[in-house]
Amino acid sequence: MVLDASRRARLHEVLFRWWKDARLERDRLPWRSTRDPWQVLVSETMLTQTQAERVASRYPAFIQEFPTVSSCAGATSAAVLRAWSGLGYNRRGMTLHQSARRIVAEHNGHIPAELESLLDLPGVGPYTARAVRAFAFEQPAAVVDTNIGRVLARAVAGRPLTRREAQELADNLVPDNAIRDWNLALMDLGSLVCRSKSPTCGRCPLGQAGECAWRQRDAPGGGVDPCRGSAAVSGSQARFEGSARQLRGRIVRAACEGPIARSRIIELAGASRAAAAIEQVLTDLLAEGLLLEQPGDLFCLPGEVFS
DNA sequence: AATCCGTGGAC
DNA sequence: TGTCCACGGAT
């Protein structure tokens with residue numbers, strides 16, 4: 001899908017005019033005030049899995065403890081996981097730590113600005129790599145997160161997109177300058193106005209300007225939502241209560257306090273969980289390096305030394 | 001109960 | 001290549 005220059009210019013004008021006011025609230029988020037590549041990498045890694053509000057409550061402490069790539073690289077995995085505690089998806093804390101060590105070893109401690117080099121880092125995918133380029137380096141990059149994916153499918157295309165189409169459309173839309181602002185503005189529109197469940201079309205700058213393909217075709221909320229099934233737009237989740245995810249989180253959190261015994265892990269699992277399921281979770285955590293086995297049927301966080 | 005979220009590995 | 005699933009936990 002190709003956008004002609006006039007539609008592109010119109011979208012820029014309309015969105016930036018709206019964002020001038022909308023950004024005031026969003027700019028209070030702590031990571032909005034930095035362009036330090038390490039701080040951007042940390043915050044974007046946190047934000048890929050967690051709502052902004054929860055990240056806002058933990059990001060400052062994490063940056064205070066690990067203000068630089070080398071401070072993180074020099075720490076133990078256990079220290080990083082403790083600082084990560086409460087954010088969820090502990091594996092990402094591990095990959096962030098591994099990335100820090102790789103950046104020290106392979107890039108002299110400087111976060112690379114090239115897309116390929118960024119994508120090479122563990123835990124860094126198409127979104128995070130482009131986020132670092134756009135937000136830290138002001139380099140040409142179009143991020144496609146779930147919010148932007150929704151706006152692209154609904155307003156720009158008016159139909160579900162494949163992953164490639166979404167990225168191409170986003171690439172096509174990025175202006176030559178104000179790269180950081182453009183990505184933030186599009187993201188803010190998705191999260192504040194073009195929301196997943198209850199989009200406020202009445203207050204949407206694109207709809208009001210006649211630039212929303214969905215709204216041009218259907219009344220607000222009418223028809224089939226074009227973002228359903230569109231690439232990069234997250235769908236529904238598996239039940240959390242009783243899941244392996246829940247138990248993994250409990251185990252890692254408990255291990256943050258110190259070594260834990262197998263019997264403690266079984267307690268954490270609760271009465272209704274099958275023994276085989278508990279064993280599988282434990283096996284997975286060990287294989288992923290999130291947990292380390294110690295003599296005496298004890299388990300601890302990686303990098304800890306006990307005597 | 002459903003919602004909010006990108007990466008990576010299996011197919 | 002594209003699609004599916006696992007992955008945390010507060011609200």
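Computation of the quantities below employed the complete heavy-atom set of this structure, encompassing side-chain atoms and omitting hydrogens, waters and symmetry-equivalent molecules. Each chain gets a letter, A, B and so on, in the order its sequence line appears, and its residues count up from 1.
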> Among residues 127-134 of chain A, which contact DNA chain C at a heavy-atom distance under 4.0 Å?
Replying inline: none
> For A:Val124, which contact category applies under a 4.0 Å heavy-atom criterion: base, sugar-phosphate, or nothing?
Replying inline: sugar-phosphate
> Starting at the 5' end of DNA chain B and moving along, which residue's nearest nucleotide shows up first, A:Leu119 or A:Thr50?
Replying inline: A:Thr50
> More 5' along DNA chain B: A:Thr95 or A:Leu47, using each one's nearest nucleotide?
Replying inline: A:Leu47
Taking [atom1] from [X] and [atom2] from [N], how many angstroms apart are they, rounded to a whole number?
X	N	atom1	atom2	value
A:Glu53	C:dA10	CD	C1'	10 Å
A:Leu87	B:dT7	CG	C1'	16 Å
A:Arg248	C:dA6	CZ	P	12 Å
A:Ile251	C:dC7	CD1	P	11 Å
A:Arg239	C:dT11	CZ	P	19 Å
A:Glu288	B:dG8	CD	C1'	11 Å
A:Arg91	B:dC5	CZ	P	20 Å
A:Trp31	B:dC5	CH2	P	12 Å

> Nearest to the side chain of A:Ala244 - C:dG9, C:dC7, B:dA1?
Replying inline: C:dC7
> With clusters built from Ile, Leu, Val, Met, Phe, Trp and Tyr whose side-chain heavy atoms come within less than 4.5 Å, directly or transitively, what are the remaining members of the cluster of A:Leu119, listed by chain and number?
Replying inline: A:Leu115
>> Running the 4.5 Å side-chain criterion over Ile, Leu, Val, Met, Phe, Trp and Tyr, what cluster does A:Val233 land in, apart from itself?
In response: none
>> Can you confirm whether more than 12 heavy atoms, excluding those of A:Arg32, are under 6.0 Å from its CZ atom?
In response: yes
> Without hydrogens or angle criteria, can the side chains of A:Gln246 and A:Arg273 be said to hold a donor-acceptor pair below 3.5 Å?
Replying inline: yes
> Quick one: side-chain hydrogen bond (donor to acceptor under 3.5 Å, both in side chains) partners of A:Thr200, sequence neighbours excluded?
Replying inline: none
> What residues form a side-chain hydrogen bond (donor to acceptor under 3.5 Å, both in side chains) with A:Thr283, not counting sequence neighbours?
Replying inline: none
Check nucleotides 2-4 of chain B against the protein and report each pair of N or O atoms closer than 3.5 Å, with its distance, or say if there are none.
unit_1	atom_1	unit_2	atom_2	d
B:dT3	OP1	A:Lys197	NZ	3.0
B:dC4	OP2	A:Ser196	OG	3.4
B:dC4	O2	A:Gln51	OE1	3.2
B:dC4	O2	A:Gln51	NE2	2.4

The criterion is side chain to side chain contact (heavy atoms under 4.5 Å, CB included); which residues satisfy it with [X], sequence neighbours excluded?
X	value
A:Ala134	A:Ala141, A:Ile179, A:Asn183
A:Glu165	A:Arg159, A:Leu161, A:Thr162
A:Arg253	A:Ser85

Pairwise N/O distances under 3.5 Å, protein to nucleotides 1-4 of chain C:
none

>> Between A:Arg133 and A:Glu114, does any side-chain N to carboxylate O distance fall below 4.0 Å?
In response: no
>> My understanding is that only residues two or more places apart in sequence, or in another chain, count here; which of them pass salt bridge (charged side-chain N to carboxylate O under 4.0 Å, His left out) with A:Arg8?
In response: none
> Which pairs count as ring pair (Phe, Tyr, Trp, His ring centres under 6.0 Å) when at least one residue sits in residues 153-193 of chain A, sequence neighbours excluded?
Replying inline: A:His12-A:Trp182, A:Phe16-A:Trp182
